[in-house]
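Have a look at the structure below, then the notes.
Because only heavy atoms are used, hydrogens play no part in the values below, and waters and symmetry mates are left out as well, while side chains stay in. This is a predicted model, so every value here is computed, not measured.
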Amino acid sequence: AQGQKTSKHAANLVKDDEWWRERLPKIIANDRKIAKPDLERVMRWKLARGKFRPTLPALIRRNTQESIAKHSAEAFSRMENQDL
């Protein structure tokens with residue numbers, strides 16, 4: 001059972017890496033904002049590769065789709081204008 005769990009986890013990492021490199025940049029380029037499910041996937045991708053932050057998923061879940069869309073659109077706009 002542990003071997004199956006490990007291989008499934010590895011397969012998910014590969015899928016998430018591909019999504020991170022291929023799909024996410026297109027989503028951001030087309031929409032100029034990020035949707036809540038995509039932000040949650042970014043968080044899962046990051047946590048799979050970095051320091052464990054147990055409160056991060058709950059913090060993201062507390063935000064509404066509207067809030068995430070509004071603030072990510074503003075952030076991407078500032079990045080385009082280099083108004084950081």
Could you give all pairs that pass the salt bridge (Lys or Arg N to Asp or Glu O under 4.0 Å) test and reach residues 21-30, with sequence neighbours left out?
none

With a 3.5 Å cut-off and sequence neighbours excluded, list the donor-acceptor pairs that the side chains of residues 49-56 form with protein atoms.
residue: Arg49; atom: NE; partner: Asp17; partner atom: OD1; Å: 3.0
residue: Arg49; atom: NH1; partner: Trp45; partner atom: O; Å: 2.8
residue: Arg49; atom: NH2; partner: Leu13; partner atom: O; Å: 3.2
residue: Arg49; atom: NH2; partner: Asp17; partner atom: OD1; Å: 2.7
residue: Arg49; atom: NH2; partner: Asp17; partner atom: OD2; Å: 3.4

Taking only residues two or more places apart in sequence, or in another chain, which ones meet Asp38 in a side-chain hydrogen bond (donor to acceptor under 3.5 Å, both in side chains)?
none

Measure the CG-NE2 distance between Leu39 and His71 for me, rounded to the nearest 0.5 Å.
12.0 Å

One should read off an interatomic distance between Arg44 CZ and Trp20 CH2, to the nearest 0.5 angstrom, of 12.5 Å

Can you pull the side chain to side chain donor-acceptor pair (under 3.5 Å) pairs that have at least one residue in residues 60-70, sequence neighbours excluded?
none

Residue pairs meeting ring-ring contact (aromatic ring centres under 6.0 Å, His included), one or both in residues 23-43, sequence neighbours left out, come to none

Quick one: list whatever passes salt bridge (charged side-chain N to carboxylate O under 4.0 Å, His left out) with Glu18, sequence neighbours left out.
none

Taking NZ in Lys33 as the centre, count heavy atoms belonging to other residues, nucleotides or ligands within less than 6.0 Å. Is the count above 12?
no

Step-by-step salt bridge (charged side-chain N to carboxylate O under 4.0 Å, His left out) determination, Glu74 to Arg78
CA-CA 6 Å; Glu74 181 181 315; Arg78 286 184 177 201; 3.6 Å; yes

To check you understand the geometry: which heavy-atom pair defines the closest contact between Ile34 and Ile68, and what is its length?
O-CG2, 3.4 Å

If you take all heavy atoms of Glu40 and Ile60, which pair is closest and at what distance?
CG-CG2, 3.7 Å

